Engineer: 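Before anything else, here's the structure in question.
Source: prediction; values computed, not measured.
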2 protein chains.
Amino acid sequence: MYKALLQHIEKIITLELWEIDLLESCLSVSTIKKKELILKEGQICNTLYFITKGCLRQYIINSKGSEQTLQFGIENWWITDYLSYHNQTPSHFYIQAVEKCEVITLEKQTLESILIQIPKLERYFRIIAQKSFGAAQMRIKFLFTMSAEERYHHFNDLYPEFVQRVPQYMLASYLDFSAEFMSKIRAGKV
Amino acid sequence: MYKALLQHIEKIITLELWEIDLLESCLSVSTIKKKELILKEGQICNTLYFITKGCLRQYIINSKGSEQTLQFGIENWWITDYLSYHNQTPSHFYIQAVEKCEVITLEKQTLESILIQIPKLERYFRIIAQKSFGAAQMRIKFLFTMSAEERYHHFNDLYPEFVQRVPQYMLASYLDFSAEFMSKIRAGKV
DNA sequence: TAAAAAACTTGAAGTACTTCAAGAAATTAG
DNA sequence: CTAATTTCTTGAAGTACTTCAAGTTTTTTA
């Protein structure tokens, strides 16, 4: 049940048996229906989600009322709003299932307590967060330096299966251009 | 000498005296001249820098040969390329002093070893990284949802002193528009 | 399996920016 | 203190996108 997460953790640290038992006793699994929201703008985010199946996205609603995807998460990724989580402030984001999902949830309170009992886990979450931050910086680099067409082709080259997996308009907003423009890029009409 | 860093750490965790001593023995201070580079594209980044005085920036050189600032760092911030640091891959970035700076440097190897001796520090670096990631997500949100003019005013409202501190063209590139356009925004000619 | 809903496409018109070029102002260095 | 360098400003021309509106295709639901 929690195997995927344990494997993910054990790529970075090694756990004793009792630690695994303790950790597992703090986790729970939920399924999320397609389009269901697990975080809404204005809510305080008190949960970390580890995705074992499916795809989620973090998005905002812009001033024109349309959705813009800031982040996708798939199998073996954590997704949450760390700013809301740490500062206990209302979130600026929505987190929604793009597909039917299965996630492992970890509540802030629970996590705080197991981090005390298993300090090694601090290391795991540190490395996850540092890599995520590094990835966010690369994302900003790509947004800055590439044209819309380059961003599309770059993404399509790196993650061709993923491009098939999500609606085009969501990917377009993630790459920061309109769905219509994406359609033209794909048709070679630009 | 290392007081600023210790204070920063002790906002998050509490250190014993021997831990402080050990930590201090692993740190060193350097001064960086204005415009000096502490990381170049293509280099592997093996150092974390804690800024005690001055301002640094992370930038890239885009396809047109001009510099674009991705990140600024000032007093009490860490700056590094975590992706290059973790994956030991060539960096995509330059890190340069905007002003004469004083930084505390911490080498990867050294850090690895004190993290083993003082596991509590994992927690400190985890929280720093999670907050940084959260901030990067907010940055992407602002880039996505605001017009150039809104980004300028928003930033100017939040950090008016900082706007005075760096050349306009650097801030323009950080906010993702041209220096000329920034000049027009400031003059109200837009 | 039909109907409804969601996602994608297309062209035309508009716009928020960029680029270029040249001069003015401010800062730094000898 | 003067020259050299860096930074900022301005207008004109160009462009990479967006927006709108309508039709088509695909997917979902009952």
Side-chain angles (χ1 to χ4, degrees), chain A residues 32-37 54-55 57 59 61-69 72 96-101 142-156 162-190, chain B residues 32-37 54-55 57 59 61-69 72 96-101 142-156 162-190:
Chain A
I32 311 170
K33 274 183 284 191
K34 185 169 175 172
K35 297 198 178 162
E36 194 180 331
L37 290 165
C55 175
R57 65 173 182 140
Y59 71 92
I61 296 184
N62 67 21
S63 52
K64 282 157 211 137
S66 58
E67 299 172 358
Q68 281 193 276
T69 299
F72 288 106
Q96 184 198 44
V98 177
E99 311 164 350
K100 187 179 176 229
C101 287
F142 292 132
L143 288 171
F144 274 20
T145 54
M146 293 180 175
S147 68
E149 206 182 344
E150 287 168 337
R151 293 198 298 279
Y152 172 73
H153 289 306
H154 176 80
F155 194 88
N156 196 43
F162 187 77
V163 172
Q164 303 306 317
R165 195 168 166 181
V166 296
Q168 271 181 42
Y169 73 91
M170 280 188 198
L171 184 57
S173 77
Y174 177 79
L175 296 174
D176 202 22
F177 45 74
S178 67
E180 292 90 337
F181 197 64
M182 176 138 172
S183 196
K184 284 162 197 168
I185 292 172
R186 284 165 52 97
K189 294 186 181 172
V190 38
Chain B
I32 311 171
K33 275 181 284 190
K34 186 170 174 171
K35 297 199 178 163
E36 193 180 332
L37 291 164
C55 174
R57 64 172 182 141
Y59 71 92
I61 297 185
N62 67 22
S63 50
K64 283 157 210 136
S66 58
E67 298 171 359
Q68 282 193 275
T69 300
F72 287 106
Q96 185 199 45
V98 176
E99 310 165 349
K100 188 178 176 229
C101 289
F142 291 132
L143 288 171
F144 273 19
T145 54
M146 292 180 175
S147 69
E149 206 182 344
E150 286 168 337
R151 293 199 297 278
Y152 172 73
H153 289 304
H154 176 80
F155 194 88
N156 196 42
F162 187 78
V163 173
Q164 304 305 317
R165 194 169 166 180
V166 297
Q168 273 181 40
Y169 71 90
M170 279 187 200
L171 184 57
S173 77
Y174 176 79
L175 296 174
D176 201 23
F177 44 74
S178 68
E180 292 90 338
F181 196 64
M182 175 139 174
S183 195
K184 284 162 197 168
I185 291 172
R186 285 165 53 96
K189 296 189 178 169
V190 37

Engineer: What is the separation between atom CD1 on I185(A) and atom P on dA16(D), rounded to the nearest whole Å?
Structural biologist: 12 Å
Engineer: Checking contacts here: which listed nucleotide (dT19(D), dT18(D), dT19(C)) is nearest the side-chain heavy atoms of K64(A)?
Structural biologist: dT19(D)
Engineer: So which atom in K33(A) and which in A97(A) form the shortest heavy-atom distance, rounded to 0.1 Å?
Structural biologist: O-CB, 3.4 Å
Engineer: Determine the minimum heavy-atom distance between D176(A) and Q68(A), stating which atoms define it.
Structural biologist: OD1-NE2, 3.5 Å
Engineer: Given atom CG of N62(B) and atom P of dT19(C), what is their separation to the nearest angstrom?
Structural biologist: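 Going from N62(B) (CG) to dT19(C) (P), I get 8 Å.
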Engineer: Over how many whole Å does the gap from E99(A) atom CD to dT27(D) atom P extend?
Structural biologist: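 It is 14 Å, rounded to the nearest whole Å.
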Engineer: What pair of heavy atoms forms the shortest contact from Q96(A) to K35(A), and how long is it?
Structural biologist: NE2-O, 3.2 Å
Engineer: Just the rounded figure in Å: distance from C1' of dA16(C) to CG of L143(B).
Structural biologist: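 Rounded to the whole Å, the gap is 16 Å.
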Engineer: Can you check the E67(B) CD to dT7(D) P distance for me, whole Å?
Structural biologist: 9 Å
Engineer: Just how far, in rounded Å, is C1' of dA16(C) from CG of D176(A)?
Structural biologist: 13 Å
Engineer: Rounding to an integer number of Å, can you tell me how far R165(B) CZ sits from dT7(D) P?
Structural biologist: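 Rounding to the nearest Å, CZ of R165(B) and P of dT7(D) are 16 Å apart.
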Engineer: Once you round it to whole Å, what is the distance between P of dA29(C) and NZ of K33(B)?
Structural biologist: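 Taking NZ of K33(B) and P of dA29(C), I get 11 Å after rounding.
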Engineer: What string of B, S and - do you get for nucleotides 5-12 of chain C 5' to 3' if you count protein non-hydrogen atoms under 4.0 Å?
Structural biologist: -SSSBBBB
Engineer: List the steps, then state whether ring-ring contact (aromatic ring centres under 6.0 Å, His included) holds for Y152(A) with F177(A).
Structural biologist: CA-CA 10 Å; Y152(A) 172 73; F177(A) 45 74; 7.2 Å; no
Engineer: To the nearest 0.5 Å, tell me how far M146(A) CE sits from N62(B) CG.
Structural biologist: 11.5 Å
Engineer: When rounded to the nearest 0.5 angstrom, what is the spacing between CZ in F72(A) and CZ in F162(A)?
Structural biologist: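 Going from the CZ atom of F72(A) to the CZ atom of F162(A) covers 4.5 Å.
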